[in-house]
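Input: a single structure, listed below in structure tokens.
The analysis underlying the following values was restricted to heavy atoms, covering all of them including side chains, and did not include hydrogens, waters or symmetry mates. All of these numbers come straight from a predicted model, not from anything done at the bench.
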Amino acid sequence: MRCNVRMADEAYHIGPSQAAKSYLHIPTLLDVAQRAGAQAVHPGYGFLSENATFVEVCPGSGSDICWPFSRGATGDG
């Protein structure tokens, strides 16, 4: 098990190693955020940080986006 997982308070499996089936699969990420009771989600750098769909659906799922430039992904920034 990786060090960052061992040191974490909680860890959630989000899918296989292919990004399209894990890190970029928005429904899975929102499901995990909800199950974890997350108040905010950080989209990372380069994965979802510029994805307008993620920016739009995240607040509706009960989680805010923890990213100062999220408005820029929708063209509002």
Side-chain angles (χ1 to χ4, degrees):
M1 186 177 298
R2 302 192 102 177
C3 180
N4 61 327
V5 175
R6 285 194 317 269
M7 294 180 69
D9 293 330
E10 298 177 20
Y12 295 86
H13 181 73
I14 59 170
S17 61
Q18 301 99 329
K21 295 182 179 180
S22 57
Y23 292 101
L24 296 176
H25 193 253
I26 294 170
T28 298
L29 296 179
L30 296 178
D31 175 62
V32 169
Q34 187 175 37
R35 286 189 289 138
Q39 295 175 336
V41 176
H42 191 293
Y45 300 95
F47 278 103
L48 295 173
S49 62
E50 297 178 10
N51 184 314
T53 301
F54 186 69
V55 172
E56 292 168 4
V57 301
C58 201
S61 72
S63 293
D64 288 328
I65 294 196
C66 184
W67 185 249
F69 306 110
S70 62
R71 290 183 59 204
T74 62
D76 295 336

Side chains of residues 14-21: which donor-acceptor partners sit under 3.5 Å, not counting sequence neighbours?
none

Practice task
Evaluate the criterion side chain to side chain contact (heavy atoms under 4.5 Å, CB included) for residue pair Phe54 and Leu30; output intermediate values, then yes/no.
Solution key: CA-CA 9 Å; Phe54 186 69; Leu30 296 178; 4.1 Å; yes
Practice task
Hey, could you give me the OH/CG distance between Tyr12 and Asp31, rounded to the nearest 0.5 Å?
Solution key: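 The OH atom of Tyr12 sits 10.0 Å away from the CG atom of Asp31.
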